[in-house]
Amino acid sequence: MIGRYKLGKIEIKNLIYKYKQFDNEKNALENINLTIDKGEFIAVVGLNGSGKSTLARQLNGLLLPTKGVCIVDGMDTRNEATIWQVRQKVGMVFQNPDNQIIAAIVEDDVAFGPENLGIVPQEIKKRVTESLRAVGMEKKRKFAPHLLSGGQKQLIAIAGVLAMRTDYLVLDEPTAMLDPSGREAVLKAVREIHEKYGITIILITHFMNEAIMADRIIVMHMGKIAVDGSPRQVFSDAVKVKRLGLEMPLAAQIAHRLRLKGMDIANDIYSTDELIENLKVN
Ligand SMILES: Nc1ncnc2c1ncn2[C@@H]1O[C@H](COP(=O)(O)OP(=O)(O)OP(=O)(O)O)[C@@H](O)[C@H]1O
Ligand SMILES: [Mg+2]
């Protein structure tokens with residue numbers, strides 16, 4: 001424990017955030033209270049402008065609370081003395097694959113973070129190899145990033161975060177600009193690094209099929225947390241889901257239509273796997 005806050009979690013208390021450019025406008029985040037425990041896999045969903053990216057940027061101090069606090073493993077993001085450590089703990093991957101790669105060779109790009117931390121070259125080499133392996137990109141080590149696909153660039157960006165050995169990985173719509181195969185590859189890598197390395201995942205997405213991969217879904221609505229629960233809890237209330245501007249996961253939509261056609265399908269079908277299992281039983 002450091003002060004009142006426990007180590008090993010992100011705690012947001014009574015957080016309000018207002019973009020200063022718009023003095024008369026509403027707050028982008030309105031009294032957020034949220035605890036993210038180490039090892040969780042959380043999806044954040046919600047309409048455009050609901051505050052998802054603003055929330056993500058609070059987690060590593062890219063934005064600082066207007067009121068309230070964000071505490072990362074005991075460190076207040078407003079404290080300049082520890083912001084560097086906060087940034088090492090919470091890695092970010094953004095939507096646009098082309099904005100995140102800086103070096104001319106893949107391995108140099110992945111090495112960039114640890115180099116900035118002053119880590120010795122031998123250790124950097126080890127980390128680069130490990131990180132590229134973790135996302136299945138070892139073979140592209142010597143490639144020029146601009147020759148890679150969007151999905152592969154996102155994998156390199158994730159490897160760059162892994163090489164910093166961050167505990168938390170925040171991904172802000174990492175698949176939004178990718179084709180289906182790139183999307184699949186990125187999601188697979190995210191799932192694997194969560195399972196293998198226990199890295200805490202905070203995945204912002206517009207795709208409900210991605211959100212149901214998480215253990216917990218946070219639904220943002222007009223700067224507030226509207227719902228916070230397991231995928232099952234969140235999607236059990238289809239009317240509320242619609243009211244929050246979201247779609248049901250594809251499998252749930254199909255299950256609903258099959259039910260209307262008179263098929264005997266269970267009520268709580270959310271993932272494709274569940275639907276397939278249910279159809280087998282039928
Ligand atoms: N740089 C900015 N300056 C001023 N207002 C901003 C800025 N970025 C976001 N906002 C406003 O803050 C609110 C929350 O925006 P935010 O980008 O966090 O939403 P979001 O849920 O990530 O949306 P999207 O799904 O479109 O990415 C919106 O009203 C938005 O217009
Ligand atoms: Mg956003």
Side-chain angles (χ1 to χ4, degrees), residues 10-34 36 41-70 72 77-78 83 86-87 90-100 150-151 153-154 157-158 161 168-179 182-183 186-187 190 200-214 216-229 231 234-235 240-250:
I10 299 180
E11 289 187 282
I12 292 181
K13 305 251 182 203
N14 304 319
L15 188 149
I16 291 174
Y17 185 77
K18 184 177 205 150
Y19 286 98
K20 289 187 193 74
Q21 296 93 312
F22 295 99
D23 271 351
N24 301 319
E25 295 226 358
K26 58 179 177 26
N27 298 324
L29 292 175
E30 191 68 77
N31 200 37
I32 302 289
N33 284 286
L34 173 64
I36 296 170
F41 188 146
I42 300 180
V44 181
V45 300
L47 282 174
N48 293 115
S50 58
K52 303 180 297 295
S53 296
T54 309
L55 178 62
R57 286 174 159 82
Q58 299 286 335
L59 299 176
N60 74 344
L62 279 178
L63 295 175
L64 299 176
T66 305
K67 283 193 186 138
V69 289
C70 176
V72 177
T77 54
R78 295 170 309 175
I83 190 64
V86 167
R87 299 249 164 90
V90 186
M92 299 271 287
V93 172
F94 297 98
Q95 189 180 102
N96 190 338
D98 292 317
N99 290 348
Q100 307 186 68
K153 284 179 196 163
Q154 288 299 60
I158 293 171
V161 172
Y168 304 87
L169 172 58
V170 182
L171 304 113
D172 192 350
E173 300 196 43
T175 64
M177 299 175 74
L178 307 182
D179 61 16
R183 188 171 293 163
V186 168
L187 294 173
V190 169
T200 311
I201 305 288
I202 297 117
L203 172 68
I204 299 177
T205 181
H206 273 284
F207 301 108
M208 297 308 125
N209 279 350
E210 293 183 5
I212 56 171
M213 285 170 33
R216 176 180 173 195
I217 300 179
I218 292 172
V219 185
M220 296 296 295
H221 192 64
M222 293 166 59
K224 292 184 181 156
I225 295 176
V227 189
D228 180 350
V234 170
F235 291 114
K240 191 169 183 184
V241 167
K242 199 169 173 200
R243 190 151 37 83
L244 294 168
L246 304 175
E247 289 196 334
M248 292 293 281
L250 185 62

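Counting convention: from 1, in listed order, for ligands and their atoms alike. Fair warning: this is a prediction, and the values are worked out from it, not measured in the lab. Note that the numbering runs from 1 along the sequence shown for the chain.
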Open item on the list: Keeping to distances under 2.8 Å, can you name the protein N/O/S atoms close to the Mg ion (ligand 2)?
Closed with: Ser53 OG

Open item on the list: For a quick test of reading the model, state the closest non-hydrogen atom pair linking Gly61 to Ile83 and the distance between them.
Closed with: CA-CD1, 3.9 Å

Open item on the list: Below 4.0 Å from ligand 1: does a non-hydrogen atom of Gly46 turn up there or not?
Closed with: no

Open item on the list: For the CD atom on Glu247, are there more than 12 heavy atoms of other groups (residues, nucleotides or ligands in this structure) within a distance under 6.0 Å?
Closed with: no

Task: Donor-acceptor side-chain pairing of Thr175 and Glu210 below 3.5 angstrom - done: yes

TODO: Apply the test side-chain contact (heavy atoms from CB on, under 4.5 Å) to residues Thr205 and Glu173: give CA-CA distance (whole Å), side-chain angles for both, the deciding distance (0.1 Å), then the verdict.
DONE: CA-CA 5 Å; Thr205 181; Glu173 300 196 43; 5.6 Å; no

- [ ] From atom 21 (O) of ligand 1, work out which of Glu173, Lys52, Lys26 has a heavy atom at the shortest distance.
- [x] Lys52

Open item on the list: Please find the pair of heavy atoms, one from Gly150 and one from Pro97, that lie closest to each other, and give the distance.
Closed with: O-CB, 3.6 Å

Task: Minimal non-hydrogen separation, Gln95 against Gln154, with atom names - done: O-NE2, 3.4 Å

Task: Contacting atoms of ligand 1, where contact means under 4.0 angstrom from a heavy atom of Ser53 - done: 17 (O), 18 (O), 20 (P), 22 (O), 27 (O)

- [ ] Answer yes or no: does an N/O atom from Gly51 fall short of 3.5 Å to an N/O atom of ligand 1?
- [x] yes

Open item on the list: Please report whether ligand 1 has a polar contact with Leu55, defined as an N or O pair separated by less than 3.5 Å (distance criterion only).
Closed with: no

Task: Side-chain donor/acceptor of Asp172 to backbone N/O of Phe94, under 3.5 Å - done: no

Task: For His206, atoms of ligand 1 separated by under 4.0 Å from a heavy atom - done: 25 (O)

Task: With sequence neighbours excluded, residues passing side chain to side chain contact (heavy atoms under 4.5 Å, CB included) with Val90 - done: Ile10, Leu59, Asn60, Val72, Tyr168, Val170

Open item on the list: Taking only non-hydrogen atoms of Leu47, do any sit less than 4.0 angstrom from ligand 1?
Closed with: yes

Open item on the list: Using a 4.0 Å cutoff against the non-hydrogen atoms of Thr54, which atoms of ligand 1 qualify?
Closed with: 14 (C), 15 (O), 16 (P), 18 (O)

Task: Per-atom contacts, ligand 1 versus Ala28 - under 4.0 Å to a heavy atom - done: 12 (O), 13 (C)

Task: Within 45° cone of Phe207 ring axis and under 6.0 Å: Arg183 NZ or CZ - done: yes

Task: Test item: Lys52 side-chain N/O and Leu47 main-chain N/O as donor-acceptor pair under 3.5 Å - done: yes

